[in-house]
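Quick note on labels: first sequence line is chain A, next is B, and so on, each numbered from 1. Quantities reported herein were computed from a predicted structural model and do not represent experimental measurements.
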Amino acid sequence: DTAVSQTPKYLVTQMGNDKSIKCEQNLGHDTMYWYKQDSKKFLKIMFSYNNKELIINETVPNRFSPKSPDKAHLNLHINSLELGDSAVYFCASSQDLLRGGPAFFGQGTRLTVV
Amino acid sequence: GENVEQHPSTLSVQEGDSAVIKCTYSDSASNYFPWYKQELGKRPQLIIDIRSNVGEKKDQRIAVTLNKTAKHFSLHITETQPEDSAVYFCAASIPAAGNKLTFGGGTRVLVKP
């Protein structure tokens with residue numbers, strides 16, 4: 001069983017479109033994250049949630065909106081996609097806020113905006 | 001905010017040799033230091049971590065050392081194997097910042113058979 005799974009794995013879309021990425025973890029973890037990895041492989045936190053509550057909201061354009069319907073799911077919705085949004089987006093989870101950081105990552109979603 | 005510097009950016013070693021990657025951090029409040037391995041096209045995987053109350057931790061061929069005074073920590077891989085080839089990321093987090101990990105820029109390790 002996959003610990004952290006996200007869909008889709010690949011997403012190719014035109015500028016201006018709206019798209020969503022879904023993430024689910026079956027580990028019973030309290031804390032979930034979204035990270036962005038750019039073309040130079042640099043990893044940066046975007047959001048974190050703990051028991052459905054927003055904890056970290058980095059300086060991300062408000063076109064990006066996370067939603068956590070329950071503690072096992074953290075989805076990412078992106079409005080009005082721009083070329084610069086092209087990147088790999090990783091969902092991750094950790095047992096709780098005491099952990100210090102993510103223990104498991106999803107397989108990533110490669111977003112290409114054309 | 002926290003800033004993490006990682007060196008070298010690329011490292012080529014002969015199979016069986018050791019590899020060392022070094023990171024420095026800026027915020028003395030950081031107390032959690034994980035290392036992640038990312039193979040080409042795959043997800044980052046947590047391989048080892050250390051907290052500030054410990055100076056060294058070892059797991060088979062992998063070890064991490066932490067010098068809080070100097071604010072640097074290192075990853076040591078002994079007896080390298082071709083499957084160790086990957087990009088390795090160090091990171092640091094401050095608990096009061098809600099598990100906000102700041103990553104280093106990554107080290108691409110190539111183990112030559």
N/O donor-acceptor pairs between chain A and chain B, cut-off 3.5 Å:
residue  : atom : partner  : partner atom : Å
A:Tyr33  : OH   : B:Asn99  : ND2          : 3.0
A:Gln37  : OE1  : B:Gln38  : NE2          : 3.0
A:Gln37  : NE2  : B:Gln38  : OE1          : 2.8
A:Glu58  : OE1  : B:Lys100 : NZ           : 3.3
A:Glu58  : OE2  : B:Lys100 : NZ           : 3.2
A:Asp96  : O    : B:Asn99  : ND2          : 3.2
A:Leu97  : O    : B:Asn99  : ND2          : 3.3
A:Arg99  : O    : B:Arg51  : NH1          : 3.3
A:Arg99  : O    : B:Arg51  : NH2          : 2.5
A:Arg99  : NH1  : B:Tyr32  : OH           : 2.7
A:Arg99  : NH1  : B:Asp49  : OD2          : 3.0
A:Arg99  : NH2  : B:Asp49  : OD2          : 3.2
A:Gly100 : N    : B:Asn99  : OD1          : 3.1
A:Gly100 : O    : B:Ser93  : OG           : 2.7
A:Pro102 : O    : B:Tyr36  : OH           : 2.5
A:Phe105 : O    : B:Arg43  : NH1          : 2.9

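Both the backbone and the side chain of B:Pro44 come within less than 4.5 Å of a heavy atom in chain A. Only the backbone of A:Val4 has a heavy atom closer than 4.5 Å to any heavy atom of chain B. For A:Ile56, the part lying under 4.5 angstrom from a heavy atom of chain B is the side chain only. Interface residue A:Leu97: backbone and side-chain heavy atoms are both found under 4.5 Å from chain B.
Both B:Ile48 and B:Val109 are members of a single hydrophobic cluster when ILVMFWY side chains are connected at heavy-atom separations under 4.5 Å. Hydrophobic clustering of Ile, Leu, Val, Met, Phe, Trp and Tyr side chains at less than 4.5 Å, counting indirect connections, keeps B:Leu110 apart from B:Ile62. Hydrophobic clustering of Ile, Leu, Val, Met, Phe, Trp and Tyr side chains at less than 4.5 Å, counting indirect connections, keeps A:Phe47 apart from A:Phe90. A:Val60 and A:Ile21 fall within a single hydrophobic cluster, where Ile, Leu, Val, Met, Phe, Trp and Tyr side chains are chained together by heavy-atom contacts under 4.5 Å. No continuous path of hydrophobic side-chain contacts links B:Phe103 to A:Met46 [ILVMFWY only; heavy atoms under 4.5 Å].
Through side-chain heavy atoms spaced under 4.5 Å, either directly or across other Ile, Leu, Val, Met, Phe, Trp or Tyr residues, A:Val114 is tied to A:Val12.
Among pairs with a residue in residues 87-97 of chain B, none fulfils salt bridge (Lys or Arg N to Asp or Glu O under 4.0 Å), at least two apart in sequence or across chains.
More than 12 heavy atoms of other shown residues, nucleotides or ligands fall within 6.0 angstrom of atom CG in A:Leu83.
The minimum heavy-atom distance linking A:Ile45 with B:Leu101 is given by the pair CG2-O, 4.3 Å.
Looking only at side-chain heavy atoms (C-beta outward), A:Pro102 and B:Leu46 stay at 4.5 Å or farther from each other.
Residues meeting the side-chain hydrogen bond (donor to acceptor under 3.5 Å, both in side chains) test with A:Asp85, sequence neighbours left out: A:Arg63.
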